[in-house]
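To start, the structure under review is shown below, and the notes come after it.
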Amino acid sequence: MEESTKIGTLTKTQEDCLEAILQILAEKPVARIKDIARKLGVKTPSVVDVVKRLARDGYVKYKPHEYITLNRKGRNIAQKVLARHNFLKQFFTEILGVDPKTAERDACLIEHNLSSRTMERLVAFFEFAQTSSLRNDGFIERFRKSAQDNWYGDSKGNSVFRSLFKAKAGGPMQIEEQLISLNKLAPGETGCVFRLDGKNLIRERLIDLGILPKVMIKLERVAPLGDPIEVRLRGFRLSLRKEEAESIKVLKES
Amino acid sequence: MKTMSVALAGNPNSGKSSIFNKLTGSKQHIANYPGVTVEIHDGSFVANGMKVMVRDLPGTYSLSARSVEERTARYFLVEEQPDVVVNIVDAANLERNLYFTTQLMDLGVNLVLGLNMTDEAKKQGLDVDAVLLSERLNCPVVETVGNRGDGINDLKEAVVEAAKHPCRTKPIDMGPALEGIVREVEKELKVLCPGKLSPRFSAMKLIEGDNDEYDIIRKHSRKDPAELESRLSKITKRIQSVVGESAAIMVGDQRYGFAMGLARESTEIDYSKIRVALTDKIDNVLLNRFLGLPFFLFFMYLLFWMTFTLGEGPMGWIESGFGLLAGFTGGLWGPAEETVLKSLLIDGVIGGVGGVIIFLPNIMLLFLGIAFFEDTGYLARAAFLVDKLMHKIGLHGRSFIPMLIGFGCSIPGIMATRTLENERDRLTTMLVLPLFSCGARLPIYLMIIPVFFPEHLQATILWLIYLIGILLAIGGAKLLRSTLLKGENAPFVMELPPYRMPTLQSLAMHTWARSWMYLKKAGTVILGFSIAFWFFSSFPKPPVTDSSLTDNVVMEEKLSYSFAGRLGKFIEPVLKPIGFDWKIGTSLIGAFPAKELFVAQMGIIFSLGETEAESKGLRETLKKNYTPLIGFCIMIFCLISMPCIATFAVVRQESRSWKWPLFQIVALTALAYIITLVVYQGGVILGFA
């Protein structure tokens with residue numbers, strides 16, 4: 001099993017294991033190695049190793065070939081982990097509106113990696129969003145509506161993040177290399193604005209018209225004589241010269 | 001009755017003018033503000049016992065100091081502080097429109113939002129919740145369909161109501177990074193200009209790096225200059241250290257963040273209606289890589305065909321009309337009677353003015369065509385198509401429109417250069433505009449061409465003259481932009497509005513506004529100068545003549561005796577190298593007030609009472625006295641040489657100086673002389689004499 005970031009003194013796998021045991025114990029009086037293995041989706045030998053280690057550290061009571069139960073220490077941890085997991089899943093489904101399957105998967109992925117500070121804030125936000133006055137205001141509904149896809153009536157919708165994540169893995173440097181000028185897009189291509197270089201007068205004019213980082217902008221066509229170009233953004237059509245578009249750096253959407 | 005003031009503000013293409021027209025009807029006029037080159041329309045209406053003065057501010061995307069329109073709008077909002085501001089927003093384009101709204105909110109104006117063009121938005125599947133908008137913005141929102149007049153009465157009531165119960169909007173929060181510094185600067189400004197400007201708005205402008213704002217603050221501050229300056233520089237340093245270079249982007253982000261959020265929240269999208277918009281379908285053809293230019297040329301051809309061909313009929317009627325008028329006036333005296341008054345009326349007034357009015361149908365048709373292109377949105381596409389060419393000669397795609405109008409009459413054409421932001425672009429366009437042969441020169445061509453050129457060549461020669469004008473204008477523009485008026489080009493960033501069907505009302509208003517300028521010229525300048533020229537060519541009269549001489553010779557004597565004739569003779573030596581004699585010279589002098597007068601003067605000089613181009617007598621006389629080469633040279637000279645006095649006046653007004661119109665006259669006359677010289681002498685050498 002892989003090594004992962006540690007929260008507290010236990011590894012991710014150890015925590016997963018404890019959590020699994022807790023879940024099994026909710027239905028049966030004792031947990032067996034094969035139950036844990038099935039729940040975690042791994043082979044029994046690896047489970048044995050983990051359980052032995054947990055027993056040695058005092059989290060579980062392990063009687064080889066017989067049963068496994070949680071000690072108080074183990075139960076505490078397991079409950080915490082399970083609570084986190086459930087909370088995150090609930091957050092994803094109830095607040096963000098993500099479907100349950102994805103929520104479950106993602107909750108598993110990040111439940112071990114969040115610091116308690118962030119967790120606290122997430123919980124606080126969750127509770128805040130559930131306060132009655134906001135609920136009456138339709139806070140969640142308003143958020144859901146604003147998060148809808150296809151805002152500009154085309155199929156691309158919220159592609160800002162698609163763009164960002166599709167960019168080749170790596171840090172800012174990699175993205176920098178992939179940036180091109182707006183005028184280098186081919187007709188029909190869309191890009192996400194990253195930066196506005198260029199002199200103040202033009203820059204400010206562009207900002208007034210809504211060309212800002214994170215905006216999706218599409219190059220619609222080039223004039224017959226080769227210049228200017230027509231672009232689409234925020235639901236309207238804008239024409240500008242290639243030399244003006246030169247200073248707008250975008251990440252092409254693939 | 002109590003009065004209140006309202007300002008209409010909003011993006012271009014938001015339908016603001018339609019709403020203004022519907023609100024004020026015929027009770028509107030163009031405000032006269034010294035130093036303001038943008039047209040401000042003022043009007044009024046009465047509602048619920050209140051007289052409401054409405055001012056239509058120029059359409060702007062923002063209230064910065066970057067263009068004349070923005071500065072003007074800002075000036076009126078900040079300094080004149082209307083009781084209510086009506087912000088017209090395009091329901092189909094909420095996001096961008098609300099960005100502008102956030103700036104009004106900074107100003108803390110008493111806001112009423114006009115949610116316009118909701119019909120078009122619905123067609124595109126966008127249903128905006130006006131109630132929600134109203135809640136979030138904390139101001140009344142009225143739904144309107146400007147060109148149909150829907151919601152206008154509701155708007156009137158809302159405006160009056162807002163004056164009674166003001167609703168000051170609150171500025172949007174600038175986010176954790178900026179809000180702190182904004183409030184700091186606000187506090188400082190409250191100390192500097194207590195109770196005068198909107199501290200929030202000023203603070204935002206300073207942070208955005210708007211340089212004009214410093215001057216505005218200085219203007220309004222009561223503090224002594226030293227303290228003022230030191231405080232201002234402290235503010236600047238503070239802003240720099242907190243925000244630095246990225247201020248504009250940070251602020252823009254916050255504003256658009258708000259606008260986008262609000263737009264999304266309040267718009268219900270009906271996905272079944274989402275399809276390729278009609279505008280896009282049309283643009284796929286009209287802006288097509290291969291079809292775009294041919295279509296453009298076709299439309300231009302159509303425009304001119306409409307102007308010249310369709311205008312023929314009405315032209316004929318007016319011609320006959322004036323003929324009848326002349327005949328009738330003449331009949332008031334005896335047939336052989338020759339009084340000063342009779343001559344004044346028939347030759348001076350009717351002849352002169354008639355020569356101008358006769359072209360009114362053509363001019364009106366041209367303006368109608370241009371208004372149609374404008375209102376449908378095609379003109380923006382035209383600028384888009386030709387910008388590359390314009391850019392090459394140092395101009396702007398938008399210079400194209402004034403030039404097009406200039407083919408009708410230079411006056412509205414020059415006034416149309418107001419849409420050019422860059423002062424150098426404006427001046428260049430203004431200066432070369434007269435080279436786009438205006439309607440006034442047409443009578444000259446139509447008089448000369450049939451006389452000297454065979455039928456199959458006539459149309460070609462006419463086009464040749466126009467073409468020469470265009471080529472000279474292009475060359476001139478290029479030259480000016482690389483020498484005297486060198487400098488940066490204005491950005492071409494321009495919105496392409498959706499295609500719209502123009503209303504008859506707006507077409508009529510646009511056409512009439514420009515045609516009226518042409519007519520006014522006729523009624524005033526031309527009339528005045530026709531009379532003056534008539535005087536100068538009639539007096540002094542020579543002593544009693546020998547009755548044995550023929551009429552023609554008598555007339556010629558009379559003419560050479562008069563002021564005008566003497567002046568013509570005086571400059572004859574200069575004219576000889578270009579093939580002109582004193583008669584042509586005198587007519588040219590007489591044509592200075594208005595080009596159309598050239599024909600009239602020639603007519604007078606050749607001692608004929610008739611001045612119409614159709615007149616056989618004049619034609620034959622011309623043919624007898626001059627060659628085709630000279631005829632061509634006359635046309636060239638008239639094409640290029642100094643524009644009429646009305647043009648001079650307008651250029652002076654629009655350029656706010658004397659040097660430019662003077663420069664224009666001198667340069668064009670010199671150019672005319674040189675080119676005519678080359679053509680004439682060249683023609684002589686080549687054996688055309």
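Lettering of chains follows the sequences in order, A, B, ..., and the numbering in each one begins at 1.
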Handout entry: With B/R481 via side-chain hydrogen bond (donor to acceptor under 3.5 Å, both in side chains) - residues at least two apart
Key = B/D425, B/N489
Exercise for the section: Look at B/D280 together with A/R237 and state whether they make a salt bridge at an N to O cut-off of under 4.0 Å. Expected result: yes
Exercise for the section: Please state whether the side chain, the backbone, both or neither of B/N11 comes within less than 4.5 Å of a heavy atom of chain A. Expected result: neither
Problem - Choice from A/L240, A/L206, A/L238 maximising heavy atom contacts with chain B below 4.5 Å - result: A/L238
Fill in the blank from the handout: Between A/R221 and B/F384 the two heavy atoms that sit nearest each other are CD-CE2, 4.5 Å
Problem - A/I207 to B/Y256 - nearest heavy-atom pair and separation - result: O-CE1, 3.3 Å
Practice task
Determine whether B/V493 and A/S239 make a side-chain contact, defined as any pair of heavy atoms from C-beta on separated by less than 4.5 Å.
Solution key: no
Completion exercise
Assert top hit (heavy-atom pairs under 4.5 Å, partner chain B, pool A/L225, A/D227, A/D208) equals A/D208
Handout entry: Residue part contacting chain B, namely of A/E204, when any heavy atom lies under 4.5 Å
Key = both
Problem - Winner by heavy-atom pair count (cut-off under 4.5 Å) against chain B, out of A/P187, A/P224, A/A223 - result: A/P224
Completion exercise
chain A shares the most heavy-atom pairs under 4.5 Å, among B/N93, B/N288, B/L291, with B/N93
Completion exercise
Residues A/R241 and B/L395: closest non-hydrogen pair is NH2-O, 3.8 Å
Exercise for the section: Select one option (side chain, backbone, both, neither) describing which atoms of B/Q124 are under 4.5 Å from chain A's heavy atoms. Expected result: neither
Handout entry: Close side-chain approach of A/K242 and B/K388, heavy atoms under 4.5 Å
Key = no
Completion exercise
Sorted by chain and number, sequence neighbours left out, side-chain contact (heavy atoms from CB on, under 4.5 Å) with B/E120 holds for B/R500
Practice task
Against chain B, label A/E230 side chain, backbone, both or neither, depending on which of its atoms sit under 4.5 Å from a heavy atom there.
Solution key: both
Handout entry: N/O donor-acceptor pair under 3.5 Å between B/E495 side chain and A/F236 backbone
Key = no
